[in-house]
Asker: 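Before I ask anything, here is the structure I am working with.
All of these numbers come straight from a predicted model, not from anything done at the bench.
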Amino acid sequence: MKTPIADFVAAYREKNPIRLHMPGHKGAAILGCEAMDITEVAGADALYEAEGIIAESEENAAGLFGSGRTVYSAEGSSQCIRAMVYLAVTGSQRAERPWILAARNAHKAFLYALALCDADVAWLWPEGSDSLCSCPIRAEQVEHALKHAETLPAAVYLTSPDYLGRENPIADIAEVCHRYGVLLLVDNAHGAYLRFLPQSRHPMDLGADLCCDSAHKTLPVLTGGAYLHMGKHAPEALRYRAKAAMALFGSTSPSYLILSSLDRCNAYLGGDFPGDLAKAVEAVRRTKAALQEKGWYVLPSEPMKITIRATTGRSGEELARMLSRKGIEPEYADPEHLVLMPSVMTKPWELQALSEALGKAPAPPAVPLPMPKAPGKQVLTPREAVFAPQEVLPTEASLNRICASPTVGCPPAIPIAVSGERIEAETIALFQRYGVKTVAVVKE
């Protein structure tokens, strides 16, 4: 497969012109990558008006992911999430005030996009969850919410896989959404590789209308590289307006280092990646099995994530610190879980080192505490709360105040309090459980 962006940048470096253009380093080595770091010089195309090499590369990506259209982000899935919300809200043909039905484990970018687009939200809460990082949703829940809504939402929004690696039944939920004429938006930031399993589990193949992937999270792409995908059967207007939506929330100076890495990754995805992925999935499966034999409770999850439940008397944070002392850096830890994210680039000896570093589980897995719902009453719209004068208070002093900025343990996770909600005693209890010491509230 051709790699037009990477080839252009390499050729430009080889030409070694006098650089009387941005950036200011002029290709001189400080970090060592500067010669490959260019701006929109002649022939380099422009990300938001792509007609040349970027457009060609994005078409290659669309073919690889089986989408109706794929566009690049050099600012991660956060930019794509904002664009998805904007496209859904502004494309709604309903005369009523736009709103989105969303699973509660939404990234902060989604919550801020609601404020920027002045849209409302109704939350889908998990019927059973033991972590802020997980929000399992059933198709029946979505159907019940749509059936009983006074007006239909502009879209349904899900995060899948979630931070612990759990996947929602996207195909079933997509069928419900489309039966009601509602768009399905999926934050698939942690699942770009799912397309390349022997049987795809990617949202584009399961019926999502809009989907974002953080390429850099699970593929060999530089940090910030991401995709916004539009489904082949999604409304054509979404594809036409995608670039304008991305431009609304993106820098006019995207990194060509990131764009080149997305482009170069296309060749790998279309070549050896599926075979390498199959080997990596098997290696991770064996590692999970070995850990289970040593007494660790490994949560069921998507194939390339290892999520371990903390043991009695030892929190996930303590396990993370222990691994760090042994030269292994986890992805995430909280009181209940330890999350590890290998990829196709992880060596077998590194997984072996993980297994040896953890050793035998020192105690049985901790009994998970139920995750209580803590939604305060929504008294302001997200936009009103986010743009209101704010002050920061200790969490114990925030009772009955209105949350201004969403409070969340990690993105994407269930926000303990969302902009515009009144903080109640149950909310404060969750703040304390997850070590949240301060909260931004609307100034009175």
Asker: For Lys288 and Leu299, indicate whether the former's side chain and the latter's backbone hold a donor-acceptor pair under 3.5 Å.
Answerer: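 Looks like no, no N/O pair under 3.5 Å.
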Asker: With a 3.5 Å cut-off and sequence neighbours excluded, list the donor-acceptor pairs that the side chains of residues 27-40 form with protein atoms.
Answerer:
from: Glu34; atom 1: OE1; to: Ile30; atom 2: N; distance (Å): 3.2
from: Glu34; atom 1: OE1; to: Leu31; atom 2: N; distance (Å): 3.3
from: Glu34; atom 1: OE1; to: Gly32; atom 2: N; distance (Å): 2.8
from: Glu34; atom 1: OE2; to: Ile30; atom 2: N; distance (Å): 3.3
from: Glu34; atom 1: OE2; to: Leu31; atom 2: N; distance (Å): 2.7
from: Asp37; atom 1: OD2; to: His25; atom 2: NE2; distance (Å): 2.8

Asker: Looking at CD1 of Ile5 and CG of Asp45, how far apart are the two atoms once the value is rounded to the nearest 0.5 Å?
Answerer: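 With rounding to 0.5 Å, CD1 (Ile5) is 7.5 Å from CG (Asp45).
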Asker: Applying salt bridge (charged side-chain N to carboxylate O under 4.0 Å, His left out), run through Glu143 and Arg179 and close with a yes or a no.
Answerer: CA-CA 9 Å; Glu143 176 143 34; Arg179 190 152 27 90; 2.7 Å; yes
Asker: Below 4.5 Å, heavy atoms only, C-beta onward: do Cys135 and Thr159 meet side chain to side chain?
Answerer: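 No, every pair of side-chain atoms sits at 4.5 Å or beyond.
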Asker: Output yes when a side-chain donor or acceptor of Ser77 lies under 3.5 Å from a complementary backbone atom of Cys80, and no otherwise.
Answerer: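 Here the side-chain-to-backbone pair does not exist.
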Asker: Taking Ser355 for the side chain and Gln352 for the main chain, is one N or O donor matched with an acceptor at less than 3.5 Å?
Answerer: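 No, because the side chain of Ser355 does not come within donor-acceptor range (under 3.5 Å) of the backbone of Gln352.
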Asker: Taking side chain to side chain donor-acceptor pair (under 3.5 Å) as the criterion, tell me which of His337, His190, Glu331 meets it with Tyr163.
Answerer: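 When His337, His190, Glu331 are each tested with Tyr163, the side chain to side chain donor-acceptor pair (under 3.5 Å) holds only for Glu331.
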Asker: Could you tell me whether the side chain of Met304 reaches within less than 4.5 Å of the side chain of Leu277, counting heavy atoms only?
Answerer: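 With C-beta onward as the side chain, the pair touches.
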Asker: Any carboxylate oxygen within less than 4.0 angstrom of a Lys/Arg side-chain nitrogen, looking at Glu350 and Lys347?
Answerer: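 No salt bridge links Glu350 with Lys347.
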Asker: Would Tyr227 and Met204 count as a side-chain contact (heavy atoms from CB on, under 4.5 Å) here? Give the steps.
Answerer: CA-CA 12 Å; Tyr227 312 102; Met204 280 293 94; over 6 Å; no
Asker: Donor-acceptor pair, distance only, cut-off 3.5 Å: does the side chain of Ser261 make one with the backbone of Ile258?
Answerer: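 Yes; judged by distance alone, with no hydrogens or angles, the pair exists.
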Asker: Output yes when Glu282 and Arg285 qualify as a salt bridge under the 4.0 Å nitrogen-oxygen rule, no when they do not.
Answerer: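 Judged by the 4.0 Å cut-off on N to carboxylate O distance, Glu282 and Arg285 do form a salt bridge.
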Asker: Do Lys243 and Glu58 meet the salt-bridge criterion of a basic N to acidic O distance under 4.0 Å?
Answerer: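 Salt bridge flag = yes for Lys243 with Glu58.
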Asker: Classify the ring geometry of His148 against His144: parallel below 30°, tilted from 30° to 60°, perpendicular beyond 60°.
Answerer: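 Rings of His148 and His144: tilted, as their planes differ by 30° to 60°.
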Asker: Quick check against the 3.5 Å criterion: does Asn168 have a side-chain atom that pairs as donor or acceptor with the backbone of Ser160?
Answerer: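 Such a contact is absent between Asn168 side chain and Ser160 backbone.
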Asker: Think Lys147 forms a cation-pi with Tyr180, using NZ or CZ under 6.0 Å from the six-ring centre and within 45 degrees of its axis?
Answerer: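 Judged by the rule, Lys147 and Tyr180 form no cation-pi pair.
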Asker: Quick one: does any side-chain atom of Thr287 pair with a main-chain N or O of Ala283 as donor and acceptor, under 3.5 Å?
Answerer: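 Looks like yes, one N/O pair under 3.5 Å.
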Asker: Is a salt bridge present between Glu317 and Arg321, judged by a nitrogen-to-oxygen distance below 4.0 Å?
Answerer: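 No.
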Asker: I'd like to know whether Leu183 forms a side-chain contact (heavy atoms from CB on, under 4.5 Å) with Met84, so could you lay out the CA-CA distance, the side-chain angles of the two residues, the decisive distance to 0.1 Å, and finally the verdict.
Answerer: CA-CA 10 Å; Leu183 296 175; Met84 288 198 298; over 6 Å; no
Asker: Taking the side chain from Asp263 and the backbone from Ser57, do they hold a donor-acceptor pair closer than 3.5 Å?
Answerer: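 Not at all, since once roles are kept as given, no pair shorter than 3.5 Å links the two residues.
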Asker: Using the rule given for side-chain contact (heavy atoms from CB on, under 4.5 Å), can you reason through Tyr268 versus Val344, listing the C-alpha separation, both sets of side-chain angles and the distance that settles it, and then say yes or no?
Answerer: CA-CA 11 Å; Tyr268 184 33; Val344 294; 3.9 Å; yes
Asker: Checking the side chain of Arg383 only, and the main-chain atoms of Leu114 only, is there a donor and an acceptor separated by less than 3.5 Å?
Answerer: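 Flag not set: sc Arg383 to bb Leu114 has no pair under 3.5 Å.
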Asker: Taking the side chain as C-beta and beyond, is there a heavy-atom pair between Tyr157 and Val121 under 4.5 Å?
Answerer: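 Tyr157 vs Val121: side chains apart.
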Asker: Any side-chain to backbone donor/acceptor pair from Asp172 onto Ala139? Under 3.5 Å, distance only.
Answerer: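 It does not hold such a pair.
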Asker: If we check side chain to side chain donor-acceptor pair (under 3.5 Å) with Tyr193, which of these qualifies: Glu302, His202, Lys217, Arg201?
Answerer: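 Among the candidates, only Glu302 passes.
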Asker: Any heavy-atom pair between the side chains of Leu269 and Arg195 that's under 4.5 Å?
Answerer: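 Sidechains of Leu269 and Arg195: no contact.
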Asker: Before you tell me yes or no, could you show the steps for His229 and Asp213 under side-chain contact (heavy atoms from CB on, under 4.5 Å), namely the whole-Å CA-CA distance, both residues' side-chain angles and the distance that decides it to 0.1 Å?
Answerer: CA-CA 8 Å; His229 305 292; Asp213 295 347; 2.8 Å; yes
